[in-house]
Each structure stands twice: as C-alpha cells, then as structure tokens.
Novice: 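Questions regarding the structure given below will be posed in turn.
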2 protein chains.
Amino acid sequence: MPARSGARPIPQASAARLSRYLQVLGDLTTRTVSSADLARRAGVTSATLRKDLSFVGPCGTPGVGYEVEALIGQVSQVLGVHRRYRVALAGVGHLGQALAGYPGFTGRGLTIAALFDADPERIGGTVAGLQVHDIADVATVCRAADVAIGVIATPAGAAQQVAEALVDAGIRSILNFAPAALDLPADVQVRRVDLALELQMLAFHETHREPAGSAGGAVVVRR
Amino acid sequence: MPARSGARPIPQASAARLSRYLQVLGDLTTRTVSSADLARRAGVTSATLRKDLSFVGPCGTPGVGYEVEALIGQVSQVLGVHRRYRVALAGVGHLGQALAGYPGFTGRGLTIAALFDADPERIGGTVAGLQVHDIADVATVCRAADVAIGVIATPAGAAQQVAEALVDAGIRSILNFAPAALDLPADVQVRRVDLALELQMLAFHETHREPAGSAGGAVVVRR
DNA sequence: GACTGTGAAGGTTTTCACAGCT
DNA sequence: AGCTGTGAAAACCTTCACAGTC
C-alpha cells in the first residue's frame, strides 16, 4: 500500500523547508505561533510557509495561528521523522567526525549506526562512541545494523568505490560530501553537498554586487 | 553602473552549476569536450549545460565542442574566480578543521586567510598551517587580512554573536553551518548549509518510496 | 555528420490576494 | 479584527527541438 494515502504529493522545495520549520519549532517556547512569526524565524515569507503547511493538511486556527506542539507532530509525521532511519558513515576524517558528533540527528529521526574507514590506523578505533569498521566489511555490518542511508565523507578518489559498496550492501539512499559525481543505478537516491560550491556562490555574489550601495544586493531581483 | 556590462543576468541555478562545471573541467585532460560529455560528468543534461553556458556567452564550436582551457577561463571570469576572495573561518572544531583542510578552495578563487575560536585550548594553536586567533580579535585580524567572506562553523548557540562580530569587521557575505537562523542587516548575504537537512531529505524519500519496485522512485512522477 | 546556441513549450516554485473561519 | 488556507497569476527553471555553424 502507498506510504500515506490522501493528500497531494509534496514538492521537493516544500519538503526541504518543512524540515527547517521543524527545527525552528523545536526552539519555540510559546504555545502557538503565527505564520508570519514562524516564517521570519525560518527565513521565508509567510505565504511560502502557509503554502508549505497546506501540504501537511489544515493545521492552523484562523485568527490564532498554529499550535506548536501539534504542528511538530504533524510535520514530523509527513517527513517520516516518526520512523527512525539508521545511517552508515564512510570516512572518519575531520568531516566524518563532525558528522558523527553532530547534535540534532537524533532529534530528527536519524541514528548514526555504523562508521567505516579504509585507514588501518582508524579501523578498530572509536569515534563518538561508535567503533570504526573496515570499509571492506560494509555489506556485512550494514545488513546486520539495518542501515537504510549511507553518507560518504571520504576523499574524492574513493567516493565511487565506496558508493558501490554501499549499494551492494542494499543501501538505496546516499548523501555524498566528496567532490565527485557518482555513477550509480537509477533507483539509488543520491544527494550531494559540495562545501566549496556554497562558498563560491558567495564569491559570485561579491563579484556581482551593486557597487553603489542600493540595498538588497541580489543579482536579479528588485523590480 | 552594473558590475559587468553586456550579457543577461545569470540565474542562481545556473551560477551554482557553473561552479560545478569548473570543477569537472579541472579534471579533464582532453583539449576539447562536448556538451554531452561534460554534462554527463557533471550529472546534468546536455540541454541544461548548453543553456547555462549560453549565459557565459558563445564559447563553443559547433561540430567540435568547447575548448577546455578557454572555457575554464571564461567560466572563472563570470564566477569571479579570477578575483581571489579571502575567507575567515570561525570555529575550529571537527567541521572547521575539515573546511580548513578542504582541497579545492584554492583552485576556486578562495583562500582561507584567518581562523578563529573561543576555546582557550585552541587559541594560539595551529590548524592547517594557520594560527588560531581569539574570536574577540575578529575585527582587527579580518581587516588586516582583507577578509571578504566569513564562515561560521561554531555551535548553534554562538552563531548569532559570531555573525554580528563578522559583520562588525566589515564582512558582508557569510556561510553558516550552524543550525541556527541568523538575524543580520539586509545587505549581508547569508547562505546556510544544514547538514542534517540533507539527510532528512533522504529519509523523506525513503518514507515516500514506491513500495512495489517501479523504477524511478520519485515522489511525484507517475503520469 | 556533429555539435552549438536558443526560441518556445512545459513544469515547478513563489507570490499575490482574498474568501472564509474564529 | 486577525489569521489561515488556497485558487490564480507571475516568476523561475528545465526540457525540447531545431536552425545554423563548422
């Protein structure tokens, strides 16, 4: 049967923002919150926020706002936070360790369940309370640990090989931090985060900045 | 007057991909490359790639392709890579160290110029060949080092305060890795990378996956 | 023959604006 | 009055398809 029946499909863009709202909601201490207020805290417009929440279903009270507690529950439900996903992390260098120690995975339905590396120095050691396994054992360990999602935090050169190993282990969702394109079967969901790219986008903005002070500074924008 | 005359404004989405092409181009050894080939290596369609490059200006030869060397030059120009930007990095934990040691910043016009932390244990130490300064000295050091871009890799609780210090130091572009929204003047360009968000998007996909094996696995699709 | 550059079509996302509820 | 939920419009982005060039 389909995961959840009814409702319209949720656009990617909305799903991404819903995750952000969830995070912001967690920091609130009030009992209710208006779309305008929540939107400001999340850095989006109130129209965008209301549209996003409309995919979750009617969940606010006109004239009042949204009940924080209840909203957290509903958004969590839609995003699949109620279901826990176990994550395997390949590559325990600085980035891998940063991820392993990242707070707020647990609060969002994610559990780091296994660590891997290829460096004999690191294999057998402990990071963030978890044992580091040999990347060669990835299939065995992942199946035993019921891992659903893989994260690649290795050097670029190793990324493709590690990705294939993860796929062989039955993993069909991969988050890739290595600056390399992965060539994998179409049914594997791959997301990539390129740390340098984000910085380069800022540099791009600097370069194309309005020289005379007109506020805003966007490239297009500003009717 | 506008930063660069002629040409149409470059859409955000295209600018982001141009950065990726630049990275892929750097790995090529051939003298020319076709849109189809380059697109495959970058993980986009050839139509998208050609459209993106059209914003750079005519730069290919019909029947042949693009000259790698020349294309790197033109894309670099547009992205502002020809101009070097100096980057300040606040927070030298695992994530900060991963960023400080990230290869490929230099190749993309970015130089890590200064490191900061609030932990006395770390201040005065050396990371990736750079001295770690006290975050309290951020204004002095940044101005001396001619920093244009700031990166926040601190815990969430410190992010706002550090961001304000960076702005006071004259920085108008900030990349925020802390899971916190920053409240800053409108003329400051802020980009945020949320490591947990990307993982959550994968979890979302897992949750909404077609149960019976129909390939594709997207949420919408299904004509 | 092979490939680029680009108008036009198609799809998605954002914004607007307002009906309707409390 | 204040605020949500949502059609409709606008903006934005991707894909198609082909004229034009080498």
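The chains referred to below are lettered A, B, ... by the order of the sequence lines, with proteins before strands, and numbering in each begins at 1. On a predicted model such as this, the values are computed, not experimentally measured, just so you know.
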Novice: Check each of B/Val162, B/Ile152, B/Val151, B/Ile149 against B/Ile174 using the side chain to side chain contact (heavy atoms under 4.5 Å, CB included) test, and report the only one that passes.
Specialist: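 Option passing the side chain to side chain contact (heavy atoms under 4.5 Å, CB included) with B/Ile174: B/Ile152.
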
Novice: Give the angle between the helix axes at the two ends of the helix from C/dG1-D/dC22 to C/dT22-D/dA1, taking five base pairs at each end and rounding to 10°.
Specialist: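 Comparing the first five pairs with the last five, the axes sit 0° apart.
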
Novice: Indicate yes or no: at least one non-hydrogen side-chain atom of B/Phe55 is less than 4.5 angstrom from one of B/Val78.
Specialist: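 Sidechains of B/Val78 and B/Phe55: no contact.
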
Novice: Quick one, A/Val75 and A/Tyr21 - any side-chain contact, counting heavy atoms below 4.5 Å?
Specialist: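 When only atoms from C-beta onward are counted, A/Tyr21 and A/Val75 do not touch, as no gap falls below 4.5 Å.
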
Novice: Would you please name every residue forming a side-chain contact (heavy atoms from CB on, under 4.5 Å) with B/Ala156, sequence neighbours left out?
Specialist: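 B/Ala156: side-chain contact (heavy atoms from CB on, under 4.5 Å) contacts with B/Pro179, B/Ala180.
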
Novice: Suppose we screen for side-chain contact (heavy atoms from CB on, under 4.5 Å). Which residues come up paired with A/Ser34, at least two apart in sequence or across chains?
Specialist: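 A/Ser34: side-chain contact (heavy atoms from CB on, under 4.5 Å) contacts with A/Ala36, A/Asp37.
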
Novice: Could you check if a side-chain atom of A/Tyr66 sits within less than 4.5 angstrom of a side-chain atom of A/Leu49, using non-hydrogen atoms only?
Specialist: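 Yes, close enough: below the 4.5 Å cut-off.
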
Novice: Provide, to the nearest angstrom, the distance between the CD1 atom belonging to B/Ile10 and the P atom belonging to D/dC12.
Specialist: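 Between P of D/dC12 and CD1 of B/Ile10: 15 Å.
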
Novice: Using a heavy-atom distance cut-off of less than 4.0 Å, which residues of residues 19-41 of chain B contact DNA chain D?
Specialist: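 Residues of residues 19-41 of chain B that come under 4.0 Å of DNA chain D do not exist, since none gets that close.
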
Novice: May I ask you to verify if any side-chain N or O of A/Tyr66 is less than 4.0 angstrom from the OP1 or OP2 atom of D/dG5?
Specialist: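 Looking at the OP1 and OP2 atoms of D/dG5, one of them is under 4.0 Å from a side-chain N or O of A/Tyr66.
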
Novice: What residue pairs, at least two apart or across chains, pass salt bridge (Lys or Arg N to Asp or Glu O under 4.0 Å) with a residue in residues 64-92 of chain A?
Specialist: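 The answer is A/Arg31-A/Glu67.
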
Novice: Could you tell me how far apart A/Leu53 (CG) and D/dT6 (C1') are, to the nearest whole angstrom?
Specialist: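 Result: 13 Å.
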
Novice: Whole angstrom is fine here: how far is it from CG in A/Leu71 over to C1' in D/dG5?
Specialist: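 So the two atoms are 14 Å apart, to the nearest Å.
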
Novice: Should A/Asp194 and B/Gln23 count as side-chain neighbours, where that means a heavy-atom distance under 4.5 Å?
Specialist: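 Yes, close enough: below the 4.5 Å cut-off.
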
Novice: State, to 0.1 Å, how close B/Ala90 and B/Thr154 come at their nearest heavy-atom pair, and which atoms those are.
Specialist: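 Smallest heavy-atom distance, with atoms named: O-CG2, 3.4 Å.
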
Novice: At under 4.0 Å between heavy atoms, which parts of nucleotides 13-22 of chain C does protein reach? Answer with one letter per nucleotide, 5' to 3': B base, S sugar-phosphate only, - none.
Specialist: SSB-B--BBS

Novice: Enter the distance from B/Leu79:CG to A/Phe204:CZ here, rounded to the nearest 0.5 Å.
Specialist: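 Here the interatomic distance stands at 6.5 Å.
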
